[in-house]
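Below: one structure, written as structure tokens.
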Amino acid sequence: MNGIGIFDSGVGGLTVLKAMIDLLPEENYIYYCDAKNLPYGEKSPEQIRKLSYESFKIFEKNKVKASIIACNTATTYSEAYLKTKFNFPILGVVSSGVMEGFKNSKNKKIALIATKATVEGQVYQDQLKKLDPSFEIRALACPDLVTAIEMGHVDDKKVEEIIKKYLDQLEDFDYDTLILGCTHFPLALGKIKEYLKNKKEGEKINLIDPALETAKSMKDFLKSRNIIEKNKNIKFLTSGEDSQLREMVGKLFGQEFANKIQIEIIN
Ligand code: DGL
């Protein structure tokens with residue numbers, strides 16, 4: 001068996017890879033990002049489906065035993081479709097985000113920040129409303145936040161200004177829960193927390209990162225099938241530049257690790 005495939009359009013899925021490694025440090029992983037085609041969030045449903053399918057072909061070729069669509073945009077438009085096309089198990093990130101939002105919100109007012117496509121796809125909104133129709137959800141597309149983070153701005157003035165530009169638009173909404181509905185966003189968690197601390201002084205805002213529960217579900221699944229491996233191998237593949245991926249791997253996993261990894265560029 002060849003490990004767990006983790007797919008995103010860019011570096012965002014590394015937050016899911018990290019959550020998985022925290023839970024199963026000795027497992028085998030294949031991380032693939034379709035960086036050449038980022039941002040998925042600005043594409044049509046058909047394009048997103050096609051690109052996700054082509055990306056999952058790479059996992060099929062690598063004979064993964066299970067996989068995670070570590071991208072909310074791809075999950076929104078392709079989860080059901082990919083499940084009809086491939087034989088290995090596929091887990092998306094949206095359901096975990098929905099469940100966590102549902103469980104944590106007390107005032108039933110949830111803000112969702114995501115890509116334009118995820119917001120327009122309405123899956124978060126529909127699934128939350130299905131669980132409880134009295135939920136109020138305000139969804140905000142944050143395209144500039146994706147691009148800035150993809151370019152490595154996770155902890156600087158630039159990302160701080162972009163976070164402010166978007167989250168200020170929610171000023172009139174009394175949310176107690178904020179779902180980070182794009183896997184890129186937890187990479188700027190420090191700055192998002194800082195904004196909320198200053199803006200929503202004294203209020204406790206639940207920050208939902210769907211990666212954490214998704215990783216737990218994957219661990220439970222592997223355990224139930226008794227297919228956890230212990231050879232600790234991580235393969236990195238990208239359709240874009242390796243430098244951006246390496247830089248973010250360094251920020252998340254340490255520079256020493258990032259210098260050592262091989263990144264295969266797929267054309
Ligand atoms: N990381 C992706 C997500 O969770 C979005 C990035 C993109 O727009 O390609 O939606």
Side-chain angles (χ1 to χ4, degrees), residues 5-20 31-56 67-79 81-82 90-98 100-101 111-125 127 139-154 159 162-163 166 178-189 192 207-215 218 236-241 244-245 247-249 251-252:
I6 297 180
F7 161 68
D8 184 29
S9 53
V11 296
L14 292 174
T15 57
V16 179
L17 176 65
K18 171 130 190 4
M20 279 306 315
Y31 186 82
Y32 173 60
C33 59
D34 188 14
K36 188 177 72 183
N37 292 303
L38 179 133
Y40 275 27
E42 300 295 304
K43 296 193 159 48
S44 72
E46 293 72 28
Q47 284 173 314
I48 296 165
R49 220 167 282 139
K50 184 171 177 284
L51 291 169
S52 307
Y53 173 75
E54 282 159 10
S55 299
F56 266 68
S67 63
I68 301 178
I69 315 173
C71 172
N72 290 266
T73 312
T75 301
T76 298
Y77 293 99
S78 325
E79 186 177 6
Y81 176 72
L82 294 175
I90 297 172
L91 190 62
V93 282
V94 172
S95 316
S96 296
V98 167
E100 285 305 288
L112 165 75
I113 51 172
T115 65
K116 180 170 166 274
T118 300
V119 167
E120 287 173 356
Q122 295 274 333
V123 275
Y124 271 101
Q125 298 93 315
Q127 288 190 24
L140 188 68
C142 307
D144 295 350
L145 193 52
V146 175
T147 0
I149 292 173
E150 184 68 20
M151 280 156 57
H153 300 283
V154 292
V159 78
I162 294 173
I163 289 167
Y166 287 123
L178 175 66
I179 299 180
L180 307 179
C182 169
T183 50
H184 279 66
F185 300 167
L187 291 165
L189 191 62
I192 294 173
L207 268 174
I208 308 297
D209 173 2
L212 310 177
E213 281 308 305
T214 305
M218 179 52 79
F236 289 92
L237 315 170
T238 179
S239 64
E241 296 283 324
Q244 259 156 270
L245 182 56
E247 189 189 326
M248 198 56 79
V249 168
K251 286 190 167 128
L252 266 184

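Each ligand, and each atom within it, is numbered from 1 in the order the structure gives. No hydrogens, no waters, no symmetry mates; every other heavy atom, side chains included, goes into these values.
For atom 2 (C) of ligand 1, the nearest non-hydrogen atom from the set A74, G12, C71, G13 belongs to C71.
Taking a 4.0 Å cut-off on heavy atoms, G10 fails to register as neighbouring ligand 1. P39 counts as a contact of ligand 1, since one of its heavy atoms falls under 4.0 Å from the ligand.
Residue-ligand proximity, V146 to ligand 1, at heavy-atom distances under 4.0 Å covers atoms 6 (C), 7 (C), 8 (O). The distance from ligand 1 to the heavy atoms of D8 drops below 4.0 Å at these ligand atoms: 1 (N), 2 (C). If you number the atoms of ligand 1 from 1 as listed, the ones under 4.0 Å from a heavy atom of C182 come out as 1 (N), 2 (C), 3 (C), 4 (O), 5 (C), 10 (O). Every atom of ligand 1 with a heavy atom of T115 under 4.0 Å away is listed here by number and element: 5 (C), 8 (O), 10 (O). Taking a cut-off of under 4.0 Å to the non-hydrogen atoms of L38, the atoms of ligand 1 that pass are 9 (O).
At least one N or O atom of S9, backbone or side chain, sits closer than 3.5 Å to an N or O atom of ligand 1. Backbone and side-chain nitrogen or oxygen atoms of E42 are examined, and none is located within less than 3.5 angstrom of a nitrogen or oxygen of ligand 1. Between Y40 and ligand 1, at least one N/O pair is under 3.5 Å apart.
Contact annotation for T183 and ligand 1: heavy atoms of both the backbone and the side chain come within less than 4.0 Å of the ligand.
In this structure, E46 does not pair ionically with K50, as no charged nitrogen and carboxylate oxygen lie closer than 4.0 Å.
The main-chain N or O of A211 is never found under 3.5 Å from a side-chain atom of K18 such that the two would form a donor-acceptor pair. Using modelled atom types, one side-chain atom of T75 and one backbone atom of I69 make a donor-acceptor pair closer than 3.5 Å. Using modelled atom types, one side-chain atom of S239 and one backbone atom of A35 make a donor-acceptor pair closer than 3.5 Å. Side-chain atoms of Q127 never come within 3.5 Å of backbone atoms of V98 as a donor-acceptor pair (strictly under, hydrogens ignored). With K43 contributing its side chain and N37 its backbone, the two residues share a donor-acceptor pair below 3.5 Å. No side-chain donor-acceptor contact under 3.5 Å links T73 to the backbone of A117. In this structure, the side chain of Y32 does not engage the main chain of S55 through any donor-acceptor pair within 3.5 Å. Counting only distance, with no hydrogens or angles, the side chain of Y166 and the backbone of L140 share no donor-acceptor pair below 3.5 Å.
The closest protein non-hydrogen atom to atom 10 (O) of ligand 1 is T73 OG1, 2.6 Å. In this structure, the protein non-hydrogen atom closest to atom 8 (O) of ligand 1 is G41 N, 2.9 Å. The nearest heavy-atom contact from the protein to atom 3 (C) of ligand 1 is N72 N, 3.3 Å.
Shown are E247, M151, H184; of these, the side-chain contact (heavy atoms from CB on, under 4.5 Å) with V11 is made only by H184.
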